[in-house]
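Here the structure is laid out as C-alpha cells; the discussion comes afterwards.
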Protein chains: 2
Amino acid sequence: MITDNQHRKSKQREKILELLQGTQIHPTANWIYDQMKQEFPNLSLGTVYRNLNILVEQNKVKKIIAGSTFDRFEANLGEHCHMICEKCGVITDFEIGIDSSLISQVEENLECKIRHHKFDFFGICKKCRNQ
Amino acid sequence: MITDNQHRKSKQREKILELLQGTQIHPTANWIYDQMKQEFPNLSLGTVYRNLNILVEQNKVKKIIAGSTFDRFEANLGEHCHMICEKCGVITDFEIGIDSSLISQVEENLECKIRHHKFDFFGICKKCRNQ
DNA sequence: TTCTATGCAAAAAGTTTGCAGTTAA
DNA sequence: TTAACTGCAAACTTTTTGCATAGAA
C-alpha cells in the first residue's frame, strides 16, 4: 500500500481496501464491517467509515449512489439529465439525445431489462466558473 | 388534482405538488417545509415526507440522487456504468462506449465544466428475470 | 517521542412511524 | 360515518465525532 504523508499504515485500512478490490458487489460499510469482524473482533463501524472516507480522499476507492445528502425531488417527469455543480450544489436539468440503441445494447450485453436510467454530470456550473 | 381511490385530497399535498411544479431547484423536503410554514403554521416535516412519498408512488414526482439507502463503495476506478437491479439490489459494472463528444456537447450547452459523470441503468437483472 | 488510528459511546442528520385528534368524501 | 390525513414526538437508520488509549514511524 502506498502511504502518503498524512496517513500512517493501518491493518484495518489495508484490509478494507483489499476487500473492496477483491469483490464485485459494491458493498456497504456494514458489509465490510461484518467481513472484518472475525479478523478484528473489536473493530468498530466508526473505524470502517473513517477509513472509507480516507480511501475515497486518496482516490483509491469511489463512493457510489451518493447517500448521506438530502433526498431531492422534482416534478419534471420527462426524460432529462442532471448537471450537478460540485461547488454550489445547484442541479440543472437538460436534455441530450441519448441514442436509443444504447439501451438495447445494454440489455443485450447484460441480458437484463432496463426500465429507466439516470445520467448525471458533475462539475462546475456557469455561475461558479465566472466567479 | 387527480385523486385515486386510496388517497383523499389534502391541501398540504396539493401545495407540495404545486411548489415542485413551480420550481427548477430540485428541492429537499426541508426546503418545501420552509416554503409552506407561512401558509400552514403547524405543518410538520413528517407530513412533508409522507406526502412526498405518496406523490412519488403516484408518479407525480420523482426522487433524485437517491439518498436514504446505504452508501456503497467500489475499488473499480476505471470509467464504467452501473446496472442496478430493482429487485435484488445487485449492482453490475459494465462499459459502454460513451461518445466523448457528448461531454463537450454538454459543456457547450450549459457553459460549464464537466469533471465526471455517472450513468446508472435501473431494471431487472438476468438472474431475477429467470426466476 | 510524536501524532495518527482505534474502539467505544454519544451525537448528528435525515427519514419514518405510532398515536390521538381532524377532516375529506 | 369511515378511513385517510394531520401534527407531534419518539424511534429508527446511517454516518460522524469526541475522547482516552494503542500503535506506527
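The chains referred to below are lettered A, B, ... by the order of the sequence lines, with proteins before strands, and numbering in each begins at 1. Worth saying up front: this structure is predicted, and the values here are computed from it rather than measured.
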Quick check on [N]: is either OP1 or OP2 less than 4.0 Å from any side-chain nitrogen or oxygen of [X]?
X: B/N53; N: C/dT16; answer: yes
X: A/N30; N: D/dT13; answer: no
X: B/S10; N: D/dT6; answer: yes
X: B/R50; N: D/dT6; answer: no
X: A/Q12; N: C/dT6; answer: yes

Interface with DNA chain C, restricted to residues 36-46 of chain A and to heavy atoms under 4.0 Å: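 By residue number: A/N42, A/L43, A/S44.
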Taking the side chain of A/R8 as its heavy atoms from C-beta onward, which of D/dT6, D/dA3, C/dT2 lies nearest to it? C/dT2
Calculate the interatomic distance between [X] atom [atom1] and [N] atom [atom2]; express it in whole Å.
X: A/I16; N: C/dG7; atom1: CD1; atom2: C1'; result: 13 Å
X: A/L52; N: D/dT17; atom1: CG; atom2: C1'; result: 16 Å
X: A/N51; N: D/dG23; atom1: CG; atom2: C1'; result: 14 Å
X: A/K11; N: C/dG7; atom1: NZ; atom2: P; result: 12 Å
X: B/I54; N: C/dT16; atom1: CD1; atom2: P; result: 12 Å
X: A/K15; N: C/dT6; atom1: NZ; atom2: C1'; result: 18 Å
X: A/Y33; N: C/dG7; atom1: OH; atom2: C1'; result: 10 Å
X: B/K63; N: C/dG14; atom1: NZ; atom2: C1'; result: 11 Å

Where at least one partner belongs to residues 16-40 of chain B, residue pairs that pass salt bridge (Lys or Arg N to Asp or Glu O under 4.0 Å), sequence neighbours excluded: B/K15-B/E18, B/K15-B/E39
Check for me, please, whether A/I124 and A/F122 land in the same ILVMFWY cluster - side-chain distances under 4.5 Å, paths through other members count.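 No, because A/I124 and A/F122 fall into different hydrophobic clusters, even though each may have its own neighbours under 4.5 Å.
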Separation between CG of B/L102 and SG of A/C81, rounded to the nearest 0.5 Å: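 Going from the CG atom of B/L102 to the SG atom of A/C81 covers 7.5 Å.
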Any chance you could measure B/C112, atom SG, to B/E107, atom CD, to the nearest 0.5 Å?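 Between B/C112 SG and B/E107 CD, I get 6.0 Å after rounding to 0.5 Å.
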Check ring-ring contact (aromatic ring centres under 6.0 Å, His included) between B/F94 and all other residues, then give those that pass, not counting sequence neighbours.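 B/F94 satisfies ring-ring contact (aromatic ring centres under 6.0 Å, His included) with B/F121 once adjacent residues are dropped.
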Is there a side-chain contact (heavy atoms from CB on, under 4.5 Å) between A/E57 and A/H7 once you walk through the steps? CA-CA 11 Å; A/E57 196 183 291; A/H7 296 289; 3.7 Å; yes
Please tell me whether A/D120 and B/H117 have a donor and an acceptor in their side chains that are separated by less than 3.5 angstrom.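 A/D120 vs B/H117: no donor-acceptor pair found between side chains.
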Name the residue closer to the 5' end of DNA chain D, choosing between A/T47 and B/T47 according to the nucleotide with the nearest heavy atom.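 The residue whose closest nucleotide sits nearer the 5' end is B/T47.
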